Amino acid sequence: MVNNLASYQSFDFIFSTVVLRVSLAISMDAFTNLDAMDETTSVEVKSFFDSAPLLKDANSIIRKLTQFIDHNSSLSGIEGPRRVVCVTSGGTTVPLEQRCVRYIDNFSSGHRGATSTEYFLKAGYSVIFLYRRGTCQPYCRSLPDDLLLECFELTDDSCIKVHESHSEAVKRAISGHHAAVSGGFLLKLPFTTIFEYLQILKLTAMSMKILGPSAMFYLAAAVSDFYVPWESMAVHKIQSASGPLDMRLAQVPKMLSVLRKEWAPAAFCISFKLETDKDILLEKADKALRRYKMNAVVANELSTRKEVVILVTNSGKVSVYRENDHADVESPLIKLLVEKHSSYIKEINA
Ligand code: PAZ
C-alpha cells in the first residue's frame, strides 16, 4: 500500500536488486524470505546499518534496555533465572522520501504481538515489546478504538467517569498493564520505519545476549522485504508532474542469520511465516527453520491466522487451534513454546 501516491513518474534509483512498480502489492516477510538468493553477508548487513538514518533516542533506548535486563536478570523465575522474551509486533514502513510524505506499509494490526505479550507475562516471562506505533497494545484488546469517547462520560458536576458498560474492561486493562510495568516486567519500545525496527532489534538482541538460553525472540512483526536505501532516497516530496513513477527497491538483508549467529547466539528463536497460498506455506516455513537455524517457525495463513497456526520445529509440525470462537490461539501456542523453551534450556545446561 502506498499512501497518497496517485500518479507515477520516472525515478532513477540505481539499486542492485528487484525492480518493482510501486503499485504492486509487496510481501512483507524480509526475515524469512526464502526466495532471496543467498544468506545475508556481513557486508550487506553492515552497509544497511551504516547507511541507515541515525536512530533518535538511541541512548535512552540503550539505558532502558540495560536497566530492564539488569533488573530481570537478578530475579528468579520458572526453573531458574527469570526468562525474557522480545516480542516484535506490527509492520514496518518503508519511507519513499527522507522528509517522508509517502511510505509503503502492510496490513499487520499488531494483534498477535499484543496478545502473545499478555500470555508470556502470565506465564512468568518478562517482555520487551517492540511494536509499531499506533498498533494494538497489550491489555487493550477489548477496549474500543475511540477509547476516550466511548469509555468515559461526564457527570453532572463535570467530572469524568468510566461508562458502566466498559468499566470491567477498563479495570482489567489498567490493572494488568500496571502490574506488568510497575514490576519491571514489561518494556515497550516503539518503531515506525524499517530502519528504526532493525536498529532497535539489534540493540535489544545485543543487550539480551548475556541472558544466554533464558532469552527468547518471538518475531511476529511483519517486516518489509524491500526498502529504499537512505542515501538513494529523494529528500523532498516526489513530484508527480513528469508522469508515472518507476522505482527499484533494494532487498532488506536477512537479519535472522545475524541474530542467530552474532547478536544473541544462545537465545531461543521463533520466527513467523505468513503466506496467502497455503500450498507454499509449510515448505517455506521448513526452509526458514533450516536456513536460519530457528528453534521454531510459526506458520500462518492470512485469512485464518486468528484461528490456527502451525508450529514447525525439528521434531515435526503441530497444528495449534484456538479452543473456541472467543478464545485466543496465542494461549495454546505460548503454552507449547514455553514447554519447548524449558526443554531447550535443560538441553543447553546439561
Ligand atoms: O499483526 P496481526 O495480528 O494482524 O498479524 C500477525 C502476523 C500475520 C503479522 C504474524 O502472525 C506473522 O506471520 N508475522 C510474520 C509475517 C511475515 O511473514 O513477514
Side-chain angles (χ1 to χ4, degrees), residues 1 25-36 40 85-94 104-120 129-142 145 188 190-194 197-198 201 217-227 249 251-257 259 269-278 280-289 291-292 294 296-312 317 319-322 327-334 336-337:
M1 201 185 313
I26 293 175
S27 124
M28 307 300 282
D29 57 350
F31 265 61
T32 50
N33 184 352
L34 300 177
D35 295 328
T40 309
V85 57
C86 169
V87 173
T88 71
S89 185
T92 59
T93 66
V94 172
I104 301 170
D105 203 351
N106 76 83
F107 75 96
S108 174
S109 65
H111 188 273
R112 172 87 74 223
T115 311
S116 305
T117 294
E118 292 177 29
Y119 285 105
F120 275 121
F129 182 60
L130 180 49
Y131 71 97
R132 163 75 181 276
R133 277 186 190 85
T135 55
C136 195
Q137 294 295 298
Y139 302 109
C140 296
R141 292 180 290 134
S142 49
D145 286 345
K188 299 213 258 179
F191 67 84
T192 302
T193 68
I194 179 74
Y197 172 77
L198 288 174
L201 180 66
F217 288 86
Y218 179 88
L219 304 165
V223 183
S224 326
D225 274 326
F226 304 104
Y227 78 117
L249 301 177
Q251 228 164 358
V252 174
K254 302 285 169 264
M255 301 288 176
L256 271 193
S257 313
L259 173 74
C269 290
I270 301 140
S271 69
F272 278 70
K273 173 50 71 187
L274 172 79
E275 292 295 340
T276 51
D277 177 352
K278 68 175 181 333
I280 59 170
L281 177 64
L282 291 181
E283 181 199 324
K284 294 192 79 174
D286 256 329
K287 277 192 195 157
L289 185 77
R291 181 173 289 180
Y292 303 116
M294 292 290 100
V297 175
V298 178
N300 54 173
E301 258 183 75
L302 183 64
S303 58
T304 56
R305 69 189 191 280
K306 289 194 178 168
E307 291 143 39
V308 57
V309 297
I310 301 164
L311 189 65
V312 182
K317 298 179 178 60
S319 295
V320 182
Y321 296 91
R322 60 180 176 180
D328 299 313
V329 70
E330 288 81 4
S331 169
L333 173 64
I334 302 312
L336 204 54
L337 288 172

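All values reported here derive from a predicted model rather than from experimental measurement. When a ligand or atom number is given, it counts from 1 through the structure's own listing order.
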Student: Please round to the nearest 0.5 Å and tell me the distance separating atom CG of Leu201 and atom CZ of Phe217.
Tutor: 6.5 Å
Student: Is there a nitrogen or oxygen of Lys273 sitting under 3.5 Å from a nitrogen or oxygen of ligand 1?
Tutor: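 It does not: no N or O of Lys273 is found under 3.5 Å from an N or O of ligand 1.
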Student: Roughly how far, to the nearest 0.5 Å, is the CG atom of Leu333 from the OH atom of Tyr218?
Tutor: 4.5 Å
Student: What closest approach, in Å, do Ala285 and Ala299 show between heavy atoms, and which atom pair accounts for it?
Tutor: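 Smallest interatomic distance, heavy atoms only, reads CB-CB, 4.0 Å.
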Student: Taking only heavy atoms of Ser109 into account, list the atoms of ligand 1 that are under 4.0 Å away from them.
Tutor: 1 (O), 2 (P), 3 (O), 4 (O)
Student: Using a 4.0 Å cut-off to any heavy atom of Ala221, which atoms of ligand 1 qualify?
Tutor: 14 (N), 15 (C)
Student: Between Ser108, Ala288, Ser89, flag the one that comes closest to atom 1 (O) of ligand 1 by a heavy atom.
Tutor: Ser108
Student: Counting each atom of ligand 1 from 1 as listed, which ones have a heavy atom of Ala220 under 4.0 Å away?
Tutor: 9 (C), 10 (C), 12 (C), 14 (N), 15 (C)
Student: Heavy-atom distances under 4.0 Å decide this one: backbone, side chain, both or neither, for Leu274 against ligand 1?
Tutor: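 Both parts.
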Student: List in chain and number order the residues that pass salt bridge (charged side-chain N to carboxylate O under 4.0 Å, His left out) with Glu118, two or more places apart in sequence or in another chain; answer none if no residue qualifies.
Tutor: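 Partners of Glu118 by the salt bridge (charged side-chain N to carboxylate O under 4.0 Å, His left out) criterion, ordered by chain and then number, come out as Arg141.
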Student: How long is the gap from OG1 on Thr92 to CG on Asp105, to the nearest 0.5 Å?
Tutor: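 Thr92 atom OG1 to Asp105 atom CG measures 8.0 Å (nearest 0.5 Å).
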Student: Heavy atoms only, cut-off 4.0 Å: how does Cys136 contact ligand 1, side chain, backbone, both, or neither?
Tutor: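 For Cys136, no heavy atom sits under 4.0 Å from ligand 1.
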Student: Using a plain distance cutoff, I'd like to know if Gly110 has any nitrogen or oxygen under 3.5 Å from a nitrogen or oxygen of ligand 1.
Tutor: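 Between Gly110 and ligand 1, an N or O pair is found under 3.5 Å apart.
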Student: Among His111, Arg112, Glu330, which one has a heavy atom closest to atom 6 (C) of ligand 1?
Tutor: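 Answer by nearest heavy atom: Arg112.
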Student: Out of the candidates Tyr227, Tyr131, Phe191, only one should pair with Tyr197 under the ring pair (Phe, Tyr, Trp, His ring centres under 6.0 Å) rule; please name it.
Tutor: Phe191
Student: Could you pull out all donor-acceptor pairs under 3.5 Å where a side-chain atom in residues 302-309 meets a protein atom, sequence neighbours excluded?
Tutor:
from, atom 1, to, atom 2, distance (Å)
Arg305, NH1, Leu302, O, 3.0

Student: Measure from atom 5 (O) of ligand 1 to every heavy atom in Lys284, Arg305, Glu275, Arg132 and give the option owning the shortest one.
Tutor: Arg305
